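Each remark here refers to the structure printed beneath this line.
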Amino acid sequence: MARILVVEDEQDLASLVEYNLRSDGHQVDVAQSGASGVSKFKATRPDLVLLDLMLPDISGTEVARLIRGADGKRTPIIMVTARGEEADRVKGLEMGADDYVVKPFSVKELLLRVKNVLRRQEDAPAKPAAVLKAPGIVLDTDRHEVRVDDKPVVLTHMEFKLLRTFLERPGRVQTRETLLSDVWGIEADITTRTVDTHIKRLREKLGAQGDCIETIRGVGYKLVTP
Ligand code: CA
């Protein structure tokens with residue numbers, strides 16, 4: 001299975017998570033501070049990192065930044081946050097975390113997230129596909145065409161880019177800020193409200209399939225995967 005680094009300072013929780021990941025067949029390393037998390041990352045090169053945001057020395061977002069800086073293969077990170085750390089969660093997702101769980105979480109939920117993130121990593125194509133699909137939706141990047149339930153749908157340039165971004169990142173939460181920088185370009189002089197307006201219009205144009213773009217309250221959006 002996979003090699004997983006757990007960065008968590010609460011010893012009981014770290015042991016529980018470690019035990020369950022091992023039972024699932026994974027190889028697990030535990031770090032109880034941010035600094036040791038970064039050095040263990042460099043030493044073990046794990047396939048996945050479970051990263052607590054509230055650490056005794058440096059913050060989880062800083063650990064994520066340091067890991068990203070030392071990481072050629074873009075190892076997936078699942079952030080572990082306490083309820084009410086919404087600003088941190090958004091920051092963490094911007095930092096490139098792939099998913100997050102909120103404490104207190106069930107072990108079953110955590111194992112499922114781990115499984116999903118690892119599977120996404122395996123499925124990730126080496127180069128971007130020309131035709132992207134979701135149930136009822138086909139987007140052809142070469143022809144610049146979108147079909148919904150087999151009928152052509154005309155999208156504006158930005159709506160097309162927005163839909164393409166979602167289709168390329170199925171099941172991954174996209175913050176408004178990420179969408180702004182990836183779809184509109186970081187220098188665009190517009191606010192996050194623009195994202196909401198475009199999402200609304202895109203949903204309308206997708207008609208019966210519009211629900212595939214789910215709102216994650218206070219964070220952003222994601223493409224629902226079947
Ligand atoms: Ca903690």
Side-chain angles (χ1 to χ4, degrees), residues 47-48 64-65 68-69 71-79 89-100 113 115-226:
D47 303 304
L48 172 72
R65 199 183 63 78
R68 282 282 173 258
D71 182 18
K73 61 173 177 154
R74 221 187 168 284
T75 308
I77 298 175
I78 299 179
M79 284 188 311
R89 200 148 68 223
V90 171
K91 229 189 295 168
L93 288 168
E94 278 168 9
M95 219 63 256
D98 294 79
D99 202 352
Y100 63 85
R113 296 289 180 100
K115 209 167 133 186
N116 284 344
V117 168
L118 288 172
R119 197 180 45 211
R120 273 201 311 255
Q121 192 74 356
E122 280 168 20
D123 291 349
K127 76 181 195 36
V131 176
L132 297 162
K133 290 178 184 173
I137 301 173
V138 179
L139 180 147
D140 190 321
T141 55
D142 290 342
R143 297 175 171 195
H144 219 269
E145 277 176 6
V146 174
R147 297 181 80 83
V148 175
D149 294 327
D150 221 25
K151 292 190 187 73
V153 170
V154 180
L155 298 182
T156 65
H157 179 62
M158 281 305 169
E159 288 162 355
F160 186 88
K161 270 184 88 174
L162 193 56
L163 180 60
R164 177 181 178 166
T165 302
F166 279 112
L167 291 169
E168 283 171 344
R169 304 165 186 178
R172 286 174 58 177
V173 180
Q174 306 297 312
T175 66
R176 290 178 176 80
E177 289 76 12
T178 304
L179 290 170
L180 265 185
S181 82
D182 291 359
V183 177
W184 277 266
I186 211 149
E187 271 120 276
D189 185 23
I190 46 175
T191 65
T192 50
R193 189 170 290 273
T194 307
V195 178
D196 300 334
T197 313
H198 277 77
I199 296 271
K200 186 167 175 282
R201 249 183 274 144
L202 178 59
R203 276 188 182 136
E204 285 166 7
K205 288 192 180 177
L206 295 177
Q209 304 297 348
D211 290 343
C212 71
I213 299 171
E214 190 185 327
T215 304
I216 310 297
R217 269 191 76 182
V219 180
Y221 299 94
K222 77 170 182 184
L223 181 78
V224 180
T225 46

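Being a predicted model, the structure only gives us computed values, none of them experimental.
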Could you state the interatomic distance from [atom1] ([X]) to [atom2] ([Y]), rounded to the nearest 0.5 Å?
X	Y	atom1	atom2	answer
Ile77	Asp99	CD1	CG	12.0 Å
Leu48	Ile78	CG	CD1	5.0 Å
Thr194	Arg176	OG1	CZ	11.0 Å
Leu155	Leu163	CG	CG	6.5 Å
Leu132	Glu168	CG	CD	5.5 Å
Ile216	Tyr221	CD1	OH	10.5 Å

Do [X] and [Y] touch side chain to side chain, with heavy atoms closer than 4.5 Å?
X	Y	answer
Arg201	Thr197	yes
Phe166	Ile199	yes
Leu162	Met158	no
Ile137	Leu206	yes
His144	His157	yes

Can you check side chain to side chain contact (heavy atoms under 4.5 Å, CB included) on Arg169 and Asp182, steps first, answer last? CA-CA 12 Å; Arg169 304 165 186 178; Asp182 291 359; 2.8 Å; yes

The criterion is side chain to side chain contact (heavy atoms under 4.5 Å, CB included); which residues satisfy it with Thr175, sequence neighbours excluded? Val90, Leu93, Glu94, Glu177, Thr178, Val219

What pair of heavy atoms forms the shortest contact from Ala97 to Met79, and how long is it? CB-CG, 3.7 Å

Using the salt bridge (Lys or Arg N to Asp or Glu O under 4.0 Å) rule, collect all pairs that involve residues 202-216, keeping only residues at least two apart or in two chains. Glu159-Lys205, Lys200-Glu204

Aromatic plane relationship, Trp184 with His198 - under 30° parallel, 30 to 60° tilted, over 60° perpendicular: perpendicular

Is it true that Arg147 and Asp150 make a salt bridge, defined as a side-chain N closer than 4.0 Å to a carboxylate O? yes

Among Lys222, Arg120, Arg68, which residue meets the salt bridge (Lys or Arg N to Asp or Glu O under 4.0 Å) test with Asp98? Arg68

No-hydrogen, no-angle side-chain donor-acceptor test under 3.5 Å, Arg113 and Asn116: no

